[in-house]
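Numbers for residues simply follow the sequence, beginning at 1. For ligands, and for the atoms within them, numbers begin at 1 and follow the listed sequence.
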Amino acid sequence: MKVLVASNIASEAIEKMRNAGIEVDVKTGISERELESIIEHYDALIVRSTPKVTRRVIERGRRLRIIGRAGVGVDNIDVETATQKGIIVVNAPGGNTVSTAELTLGLLLSVARKIPQADRSVKEGKWERRKFVGIELRGKTIGVIGLGRIGYEVAKRAKAFDMNVIAYDPYISEHKAKEIGVRLVSFDELIRSSDIITVHVPKTKETENLIGEREFEMMRDGVIILNCARGGIIDENALIRALKNGKVSAVGLDVYVNEPPDPNSELFRFDNVVTTPHIGASTREAQTNVGLLIAEDIINLHLGYPVRNAVNLPSMSPEDYEFLMPYLKLAEKMGKIAAAKLEGGFRRVKITYRGKLAERDTSYLSRALLKGLLEYILGQNINLVSSIPIAKERGIEVEESKIEKTDSYESLLEVNVESEGRSIYMAGTSFGRDDYRIIKIDRYRVDFVPEGHYIISLHEDKPGVIGRVGTLFGKNNINIAGMIVGRYGDKPGGIQLMLLLVDDPPTEEVLEEMQKLDGIIDAVYITL
Ligand code: NAD
């Protein structure tokens, strides 16, 4: 893989990619024109807010597989064209999470203990110990609006201060909140019962003026308000009124409706309003993290793993990523097996997530499954970005369901793929990051890690069949490294499933010969 770094990013990020065996060219400050003329030599491109990655750049980047934006906003990248071409666009949204969460806590401590005011007073030569009586955070209720990346880190840190943490986020799972001992409540309950309210939602139509006159009226007297998200989520005029009438005892702000704000705004006349100039992400670590996050996703793609922060794919939390990683591999391998067995003409794919898996964001898994399935027909042109639109284009129905109950396994991934007149069912599970297994194919119980060269066959359960297969492979100098016979029922006879793990792929002739052996009904070869 060859990467073009077209903007300044942390040297640690460049080193990390090189250490992973990736060739990296650094050409910072190049123009769009220059980019157009050299992009054809690269598989990956990294930019900050410049240069622009236009349709022309993308179309000329015949080898391009991934574009990384070392930052959050992707307005300088033509994401639509990239998506059409199956190019993954990644950004680094989590790179400044902890920095912003820490600033939020910093502002909270500042207002709770009046630190900036006390600092000013000491520097003015005063010694006003009685004036600066604050409050303890311990035992106070903090209401976190938006339990996303930053809200989650704020909540975790608030717990460390022995605070009671409640949160409102209609899009987050109960399980995620419970993990860190946070109680999810309704919006009104949060507004009514918090001593401190902190917002961590994106600014959207829905969240603009989320906290206004009505909400301030409902709040506890003496509430503390924090905003390190975006200006305008809290109605500034309503906030000024609530400060004037004493409803709000203190405010910590990093963001404003207009930035920079009007220095004559009434907001800045209150001593109990502590302000910073949108510096949530301004730490050395956040800047380095942003570069490293992009580098990691490029390495992920290089190693054949799914990327973490694609903007043209659903994003995944680090916890989901860790948990889902083996299932992603499993889903893709199941897709491959289904494709090899059914040989195209796919009509319907049914995916069932059971147990703990059902509690996770599984949208990547169906993409991985379809990728494995469609690769059989479309080769390497398919990836996690394009698998869903291409499946739709090809008229494949995809049906997903989640069932939290399981009988025997903590989590189970079940897949049923139907083609013209044929179908295959598979079930699999995982016991850890690198341990994923297929445990059932159709009605046959098996237990194998789908990695290596496999021959999957159906045979008549009668003496001599397995021996004949062994002889054939021996004669052709192909070592059988493992064999699983999945017997259905407890009596001999009938049709049974055989899985052969071989050290080398068999030739067409050997496979044909196997298919013709007495007792063999069907045999397909697949590299997993
Ligand atoms: P995120 O996407 O991880 O989390 C946002 C959360 O808000 C999500 O969990 C989402 O479900 C929730 N949400 C969306 N609409 C909601 C609504 N109407 N009510 C309740 N919850 C809702 O984002 P993040 O990275 O945690 O960023 C949070 C905010 O912080 C954003 O506004 C971002 O722009 C801002 N930010 C500020 C700085 C800074 O320098 N001050 C730095 C980084 C991010």
Under-4.0 Å heavy-atom contact with ligand 1, by part of V201 that carries it:
both
Y168, portion touching ligand 1 at heavy-atom distance under 4.0 Å:
both
Less than 4.0 angstrom from a charged side-chain N to a carboxylate O is my criterion; do [X] and [Y] meet it?
{"X": "R308", "Y": "D297", "answer": "no"}
{"X": "R120", "Y": "D271", "answer": "yes"}
{"X": "E23", "Y": "R18", "answer": "no"}
{"X": "R149", "Y": "E153", "answer": "no"}
{"X": "D320", "Y": "R360", "answer": "yes"}
{"X": "R55", "Y": "E59", "answer": "yes"}

Among all protein heavy atoms, pick out the one at the shortest distance from [atom]; state its residue, atom name and that distance to 0.1 Å.
{"atom": "atom 23 (O) of ligand 1", "answer": "R149 NH2, 3.8 Å"}
{"atom": "atom 28 (C) of ligand 1", "answer": "H200 O, 3.3 Å"}
{"atom": "atom 7 (O) of ligand 1", "answer": "P202 CD, 3.5 Å"}
{"atom": "atom 15 (N) of ligand 1", "answer": "Y171 CE1, 3.5 Å"}
{"atom": "atom 20 (C) of ligand 1", "answer": "P170 CD, 3.4 Å"}
{"atom": "atom 35 (C) of ligand 1", "answer": "A229 O, 3.5 Å"}

Would you say [X] has any N or O atom under 3.5 Å from an N or O of ligand 1, going by distance alone?
{"X": "I233", "answer": "no"}
{"X": "C228", "answer": "yes"}
{"X": "H278", "answer": "yes"}
{"X": "G148", "answer": "yes"}
{"X": "D169", "answer": "yes"}
{"X": "T207", "answer": "no"}

So, E400 and S366: side-chain donor and acceptor under 3.5 Å apart, yes or no?
yes
Residues E285 and T288: side-chain donor-acceptor under 3.5 angstrom:
no
Which of I197, I135, N272 passes side-chain contact (heavy atoms from CB on, under 4.5 Å) with I224? Answer is I135
Under 4.0 Å from a heavy atom of [X]: give me the atoms of ligand 1 that qualify, with their elements.
{"X": "A281", "value": "40 (O)"}
{"X": "L147", "value": "9 (O)"}
{"X": "E206", "value": "18 (N)"}

Evaluate T198 against H200 for side-chain hydrogen bond (donor to acceptor under 3.5 Å, both in side chains), listing each step before the verdict.
CA-CA 7 Å; T198 182; H200 300 287; 2.7 Å; yes
Proximity winner for atom 44 (C) of ligand 1, if only heavy atoms of L103, I150, T100 are counted
I150
Heavy atom of N96 under 4.0 Å from ligand 1?
yes
Quick one: does any side-chain atom of T429 pair with a main-chain N or O of S411 as donor and acceptor, under 3.5 Å?
yes
On the ring face of Y42, is K2 found with NZ or CZ under 6.0 Å from the centre and within 45° of the axis?
yes
